[in-house]
Amino acid sequence: MQHIKVVPYDSTWPKKFQQEAQKVSDIVQTNQIAIIHIGSTSVPNLSAKPIIDILLIVNDIALLDQQQTQFEQLGYEYLGEFGLPGRRYLRKGGDNRTHQIHAYQYDNISEIQRHICFRNYLRKHRDVALQYGELKTKLASKYPESIDDYGDGKESFVKKYEALALKEHWQNQ
């Protein structure tokens, strides 16, 4: 069983992302369009579960499915869509997860943009990032054994600020 732990920001997270991104890139090769650090570990000074979130954007999602064995050799569980149509979700580290990949085909604009805009919003709005970190810390303390309750507890916060992030993104175009 995974124990939910939220920790203070770790300045090694960007380097850990870069190291894993290179390994992923070596597998995906010409199918790759972009590999982007997302999630709380990509926001300086934000408390987070110490799991590196990777947004992988590819030319052809079906080609990624053909590389499942290579990802498994790198230590990933290849979980397919895992509840989100069009996504491929991969996680590494079992109960002590270290990385997770959210892979999308380049034309899945709404999902790709949602992740990037939320990250950018938290980077820009320090007060919101601090609120988010505090919320996650409280939820991890309240639900240390339930990832579902932890996720449900932050859902309204995330949805609210994802919407504001998308509006701000378009206002700045």
Side-chain angles (χ1 to χ4, degrees), residues 4 6-22 24-25 28 30-62 64 79-91 97 99-140 142-143 147-173:
I4 300 162
V6 173
V7 300
Y9 181 78
D10 183 336
S11 61
T12 66
W13 288 338
K15 183 176 181 175
K16 288 178 179 176
F17 162 76
Q18 288 295 337
Q19 291 168 336
E20 197 70 11
Q22 185 58 57
V24 170
S25 183
V28 181
T30 59
N31 193 27
Q32 172 186 319
I33 293 178
I35 299 178
I36 302 167
H37 192 186
I38 59 167
S40 295
T41 61
S42 71
V43 180
N45 302 312
L46 177 57
S47 296
K49 291 183 301 179
I51 301 168
I52 307 300
D53 279 289
I54 298 168
L55 177 63
L56 173 61
I57 304 169
V58 296
N59 280 302
D60 185 346
I61 202 78
L64 194 69
L79 299 168
E81 289 185 332
F82 204 64
L84 287 179
R87 172 182 76 165
R88 297 301 181 272
Y89 178 69
L90 299 81
R91 63 185 179 201
R97 192 170 321 143
H99 299 80
Q100 49 196 18
I101 299 172
H102 310 266
Y104 295 97
Q105 191 165 290
Y106 70 92
D107 55 358
N108 196 333
I109 301 299
S110 62
E111 288 300 313
I112 294 168
Q113 192 169 46
R114 174 178 69 85
H115 285 293
I116 294 170
C117 287
F118 184 62
R119 179 205 63 189
N120 292 348
Y121 191 88
L122 292 175
R123 286 177 172 176
K124 182 177 177 183
H125 298 276
R126 196 66 217 121
D127 56 327
V128 176
L130 285 171
Q131 288 174 43
Y132 189 42
E134 290 169 6
L135 173 63
K136 291 189 305 171
T137 299
K138 287 178 190 171
L139 290 168
K142 186 174 182 181
Y143 305 112
I147 194 66
D148 290 337
D149 289 332
Y150 172 83
D152 290 347
K154 41 177 227 175
E155 183 176 7
S156 65
F157 183 97
V158 170
K159 293 229 180 288
K160 173 184 176 180
Y161 286 103
E162 276 180 354
L164 291 172
L166 287 166
K167 287 179 186 177
E168 182 173 280
H169 169 79
W170 290 115
Q171 287 169 340
N172 291 329
Q173 293 306 304

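Atoms considered below: every heavy atom in the structure, side chains included; atoms not considered: hydrogens, waters and symmetry mates.
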For this session: With Lys136 as the cation and Tyr132 as the aromatic partner, state whether NZ or CZ is under 6.0 Å from the six-membered ring centre and within 45° of the axis.
Result: yes
For this session: Calculate, to the nearest 0.5 Å, the distance between atoms CZ and CD1 belonging to Arg114 and Ile38 respectively.
Result: 8.0 Å
Problem set entry | Spacing of CG belonging to Asp53 relative to CZ belonging to Arg91, to within rounding of 0.5 Å | 13.0 Å
For this session: Identify the two heavy atoms, one from His37 and one from Ile52, that lie closest to each other, and give their separation to 0.1 Å.
Result: NE2-CG2, 3.9 Å
For this session: To the nearest 0.5 angstrom, please state how far the CD1 atom of Ile57 sits from the CD atom of Glu111.
Result: 12.0 Å
Exercise. NZ of Lys167: more than 12 outside heavy atoms within 6.0 angstrom?
Worked result: no
Seminar exercise, completed: In terms of heavy-atom contacts, Tyr106 and Ile109 come closest through O-CD1, 3.5 Å
For this session: Please examine the side chains of Arg123 and Pro44, heavy atoms only from C-beta on, and report whether any two atoms are closer than 4.5 Å.
Result: yes
Exercise. Are Trp170 and Gln173 side-chain neighbours, meaning at least one heavy-atom pair lies under 4.5 Å?
Worked result: yes
Exercise. Does the side chain of Phe157 reach to within under 4.5 Å of the side chain of Leu139, using non-hydrogen atoms?
Worked result: no
Problem set entry | Atom pair CG/OG of Leu122 and Ser40 - distance to nearest 0.5 Å | 7.0 Å
For this session: For the residue pair Val24 and His99, establish whether any side-chain heavy-atom pair is separated by less than 4.5 Å.
Result: no
Seminar exercise, completed: Those residues at least two apart in sequence (or on a different chain) that pass ring pair (Phe, Tyr, Trp, His ring centres under 6.0 Å) with His102 are Tyr89, His115
Problem set entry | Side-chain heavy-atom pair Ile35, Ser25 within 4.5 angstrom cut-off | yes
Problem set entry | Results of ring pair (Phe, Tyr, Trp, His ring centres under 6.0 Å) for His125 - residues two or more places apart only | Tyr121
Exercise. For the residue pair Tyr161 and Phe118, what are the closest heavy atoms and their distance?
Worked result: CB-CE1, 3.7 Å
Problem set entry | For Ala163, side chain to side chain contact (heavy atoms under 4.5 Å, CB included) partners two or more places apart | none
For this session: Taking all non-hydrogen atoms of both residues into account, name the closest pair between Lys49 and Thr41 and its distance.
Result: O-CG2, 3.6 Å
For this session: Please tell me if the side chains of Asn120 and His169 come closer than 4.5 Å, counting only heavy atoms from C-beta onward.
Result: no
Exercise. Closest heavy-atom contact between Asn59 and Gln105?
Worked result: O-CG, 3.3 Å
Side-chain atoms of residues 80-88: list all donor-acceptor pairs with protein atoms under 3.5 Å, sequence neighbours left out, distances to 0.1 Å.
unit_1, atom_1, unit_2, atom_2, d
Glu81, OE2, Gly86, N, 2.9
Arg87, NE, Glu81, O, 3.3
Arg87, NH2, Glu81, O, 3.4
Arg87, NH2, Phe82, O, 2.8
Arg88, NE, Asp65, OD1, 2.7
Arg88, NE, Asp65, OD2, 3.3
Arg88, NH2, Asp65, OD2, 3.1

For this session: Taking all heavy atoms of Ala129 and all of Leu46, pick out the closest pair and write down the distance.
Result: O-CD1, 3.0 Å
Exercise. Taking C-beta and beyond as the side chain, do Leu64 and Ile61 meet within less than 4.5 Å on heavy atoms?
Worked result: yes
For this session: Could I get the full list of ring pair (Phe, Tyr, Trp, His ring centres under 6.0 Å) partners for Tyr9, not counting sequence neighbours?
Result: Trp13
For this session: Please round to the nearest 0.5 Å and tell me the distance separating atom CG of Leu135 and atom CG of Leu130.
Result: 12.5 Å
For this session: Go through the structure and list residues passing salt bridge (Lys or Arg N to Asp or Glu O under 4.0 Å) with Glu134, not counting sequence neighbours.
Result: none
Exercise. Is Asn31 reaching over with its side chain to a backbone N or O of Asp60, donor-acceptor style, under 3.5 angstrom?
Worked result: yes
Exercise. Can you tell me how far the CD1 atom of Ile36 sits from the CD1 atom of Ile116, to the nearest 0.5 Å?
Worked result: 3.5 Å
Exercise. If we only count heavy atoms from C-beta on, is the Arg126 to Asn45 side-chain gap below 4.5 Å?
Worked result: yes
